[in-house]
Amino acid sequence: MIDVIAFDADDTLWHNEPLYAEAQQVLAQVLSPYMDPEEVDRALYATEAQNLPYYGYGIKSFALSMVETACQVTGGKIQGEQILEIIAAAKRMLSHPVRLLGRAEETLCELAKSHRLMVITKGDLLDQSAKLARSGVAHHFTYTEVVSDKTEQTYRDLMNKHQISAERFVMVGNSLKSDILPVAALGGQAVWIPYHLTWQHETVTPHQIGGLCYYELDDISQLPGLIKQLDGSQATPNAPDGS
Ligand SMILES: [Mg+2]
């Protein structure tokens with residue numbers, strides 16, 4: 001039996017990565033006199049990776065990394081107006097309407113009738129909470145958790161906090177690194193629904209997968225069927241990559 005079904009939010013319930021891609025296009029345009037777009041992407045990713053321990057995840061962190069990258073790439077020659085252009089792109093991300101993935105709302109509606117639902121999202125508390133409020137699906141969730149990172153310890157703490165045993169906990173998400181592998185390592189049920197765009201930091205090389213078992217679905221609308229099987233303990237997770 002399953003007690004709680006937890007969902008990642010960005011790129012699991014609603015589209016998120018395309019907003020980052022659009023803002024990166026603005027940055028690439030601003031920096032086009034200095035550098036090719038691909039090189040700008042690489043420089044930005046390097047800055048973001050360095051800044052994660054300082055700022056964590058989210059759009060405000062991303063904005064600071066874009067500005068820092070612009071200063072570095074131009075050797076400090078970037079103009080104030082151009083920095084304002086970059087900041088405007090970040091602000092557009094923060095106020096953008098939330099676009100739910102197809103069938104997400106119907107699936108939540110169906111599952112909320114039989115299970116307690118939780119959303120576990122990482123990033124900026126204000127932005128993630130505001131997106132959930134704008135999404136129109138917040139009322140389906142019994143619990144909302146905005147966390148600074150998604151590690152095994154994060155999930156262990158959340159299970160303890162809500163008194164859920166790992167084997168009766170399902171985590172659904174698009175990121176192997178953040179949503180799937182830490183939960184599988186704790187003995188929880190993990191359901192991977194890949195999104196067509198994935199941030200470099202969220203990709204996982206095969207050696208990190210290490211024989212952990214999880215389920216993979218093409219679409220969130222397949223989830224109620226899988227949950228029924230899990231409630232009856234009939235499903236068997238696939239071992240990924242033959243490992
Ligand atoms: Mg996600």
Side-chain angles (χ1 to χ4, degrees), residues 4-27 41 44-45 48-49 51-52 55-66 89-108 111 117-141 143-151 154-155 158 170-184 190-204 214 216-223:
V4 170
I5 306 167
F7 291 84
D8 166 56
D10 291 339
D11 299 320
T12 296
L13 297 178
W14 53 67
H15 297 278
N16 179 64
E17 198 57 35
L19 298 182
Y20 282 82
E22 278 171 35
Q24 275 181 248
Q25 281 175 10
V26 172
L27 181 69
D41 284 353
L44 174 62
Y45 176 67
E48 285 185 273
N51 284 340
L52 269 181
Y55 308 142
Y57 296 88
I59 293 172
K60 284 187 278 187
S61 315
F62 179 65
L64 282 170
S65 291
M66 284 200 292
K91 282 187 176 167
R92 281 198 296 277
M93 295 172 73
L94 287 164
S95 57
H96 198 278
V98 174
R99 228 166 24 100
L100 291 173
L101 267 79
R103 307 279 299 162
E105 183 159 21
E106 299 93 306
T107 304
L108 291 174
L111 290 171
L117 307 187
M118 181 186 293
V119 60
I120 307 176
T121 178
K122 76 179 175 198
D124 179 71
L125 178 60
L126 176 63
D127 181 36
Q128 296 306 94
S129 306
K131 274 193 289 191
L132 186 62
R134 292 203 302 275
S135 71
V137 294
H139 60 285
H140 293 304
F141 295 100
Y143 315 105
T144 301
E145 296 287 353
V146 182
V147 295
S148 56
D149 206 352
K150 287 175 165 176
T151 63
T154 312
Y155 289 105
L158 289 177
V170 176
M171 179 69 196
V172 182
N174 71 298
S175 166
L176 279 175
K177 179 174 180 284
S178 299
D179 305 318
I180 304 306
L181 299 183
V183 173
V191 182
W192 184 42
I193 308 178
Y195 188 76
H196 66 281
L197 289 176
T198 298
W199 184 39
Q200 289 182 59
H201 188 74
E202 300 291 346
T203 57
V204 176
Y214 55 86
E216 179 177 345
L217 299 179
D218 293 328
D219 189 90
I220 198 168
S221 61
Q222 299 167 300
L223 189 60

Asker: Any side-chain heavy atom of Leu132 sitting closer than 4.5 Å to one from Trp14?
Answerer: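 Yes - at least one pair of side-chain heavy atoms lies under 4.5 Å apart.
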Asker: Please enumerate all residues that pass side chain to side chain contact (heavy atoms under 4.5 Å, CB included) together with Ser148, with sequence neighbours excluded.
Answerer: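 For Ser148, no residue satisfies side chain to side chain contact (heavy atoms under 4.5 Å, CB included) once neighbours in sequence are set aside.
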Asker: Side-chain atoms of residues 95-108: list all donor-acceptor pairs with protein atoms under 3.5 Å, sequence neighbours left out, distances to 0.1 Å.
Answerer:
{"from": "Ser95", "atom 1": "OG", "to": "Lys91", "atom 2": "O", "distance (Å)": "3.2"}
{"from": "Thr107", "atom 1": "OG1", "to": "Arg103", "atom 2": "O", "distance (Å)": "2.6"}

Asker: Kindly give the heavy-atom pair with the smallest separation between Gly56 and Ser61, and that separation in Å.
Answerer: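 Closest heavy-atom pair between Gly56 and Ser61: O-OG, 3.2 Å.
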Asker: Please give me the minimum heavy-atom distance between Asn51 and Ser65, naming the atom from each residue.
Answerer: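 Scanning both residues completely, I find the closest heavy atoms to be ND2-OG, 3.0 Å.
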Asker: Of all heavy-atom pairs between Thr12 and Ile220, which one has the smallest distance, and what is that distance?
Answerer: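 That would be O-CD1, 4.1 Å.
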Asker: Looking at side-chain heavy atoms only, is the closest gap between Tyr143 and Ile120 below 4.5 Å?
Answerer: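 Not in contact.
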Asker: First locate atom CE of Met171, then atom CG of Leu181, and finally report the distance between them rounded to the nearest 0.5 Å.
Answerer: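 So the CE of Met171 and the CG of Leu181 are separated by 12.0 Å.
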Asker: Is there a side-chain contact between Val146 and Ser129 in this structure, where contact means two heavy atoms from C-beta onward sitting under 4.5 Å apart?
Answerer: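 Of all side-chain heavy-atom pairs linking Ser129 with Val146, at least one is under 4.5 Å.
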Asker: Look at the side chain of Lys131 and the backbone N and O of Asp10, then say whether any donor-acceptor pair between them is shorter than 3.5 Å.
Answerer: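 Between the backbone of Asp10 and the side chain of Lys131 there is no qualifying donor-acceptor contact (under 3.5 Å).
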Asker: Answer whether the closest heavy-atom distance between the side chains of Phe62 and Gln24 falls below 4.5 Å.
Answerer: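 Result yes, sub-4.5 Å side-chain heavy-atom pair found.
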Asker: Say whether, by atom type as modelled, one donor and one acceptor occur between the side chain of Trp192 and the main chain of Leu217 under 3.5 angstrom.
Answerer: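 Side chain of Trp192 to backbone of Leu217, a donor-acceptor pair under 3.5 Å: no, none is there.
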Asker: When rounded to the nearest 0.5 angstrom, what distance separates CG in Leu223 from CD1 in Ile5?
Answerer: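 Atom-to-atom, Leu223:CG and Ile5:CD1 are 6.0 Å apart.
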Asker: With sequence neighbours left out, what residues match Arg134 under salt bridge (Lys or Arg N to Asp or Glu O under 4.0 Å)?
Answerer: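 Applying salt bridge (Lys or Arg N to Asp or Glu O under 4.0 Å) to Arg134 gives none.
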Asker: Provide the closest heavy-atom pair for Tyr20 versus Gly58 in the form atom of the first, atom of the second, distance.
Answerer: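 Closest heavy-atom pair between Tyr20 and Gly58: OH-C, 3.5 Å.
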Asker: Is there a side-chain contact between Glu48 and Tyr55, using heavy atoms and a 4.5 Å cut-off?
Answerer: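 Side chain of Glu48 against side chain of Tyr55, heavy atoms only: no contact under 4.5 Å found.
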Asker: Would you say that Asp124 contacts Ile59 through its side chain, given a criterion of any heavy-atom pair below 4.5 Å between the two side chains?
Answerer: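 No, too far: nothing below the 4.5 Å cut-off.
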Asker: Between Val183 and Tyr214, is any pair of side-chain heavy atoms under 4.5 Å apart?
Answerer: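 Side-chain contact under 4.5 Å: no.
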Asker: To the nearest 0.5 Å, how far apart are CE in Met93 and CG in Asp127?
Answerer: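 Nearest 0.5 Å value for the CE-CG distance: 8.5 Å.
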Asker: Where is the tightest heavy-atom contact between Lys122 and Ser178, given as atom of each residue plus distance?
Answerer: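 That would be NZ-OG, 2.8 Å.
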Asker: Passes side chain to side chain contact (heavy atoms under 4.5 Å, CB included), Tyr155 versus Asp179? Steps please.
Answerer: CA-CA 9 Å; Tyr155 289 105; Asp179 305 318; 3.8 Å; yes
Asker: To the nearest 0.5 Å, what is the distance between CD on Glu17 and CG on Asn174?
Answerer: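 Interatomic distance, Glu17 CD to Asn174 CG, rounded to 0.5 Å: 8.5 Å.
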Asker: Kindly determine whether Phe7 and Leu111 satisfy side chain to side chain contact (heavy atoms under 4.5 Å, CB included), including the steps that lead there.
Answerer: CA-CA 12 Å; Phe7 291 84; Leu111 290 171; 3.9 Å; yes
Asker: Taking all non-hydrogen atoms of both residues, which atom of Ala90 and which atom of Met66 are closest, and how far apart?
Answerer: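 Smallest interatomic distance, heavy atoms only, reads CB-CE, 4.4 Å.
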Asker: Any donor-acceptor pair under 3.5 Å linking the side chain of Asp11 with the backbone of Asn16?
Answerer: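 Present.
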Asker: Can you check side chain to side chain contact (heavy atoms under 4.5 Å, CB included) on Val119 and His140, steps first, answer last?
Answerer: CA-CA 10 Å; Val119 60; His140 293 304; over 6 Å; no
Asker: Return the NZ to NZ distance between Lys150 and Lys177, rounded to the nearest 0.5 Å.
Answerer: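 Atom-to-atom, Lys150:NZ and Lys177:NZ are 11.0 Å apart.
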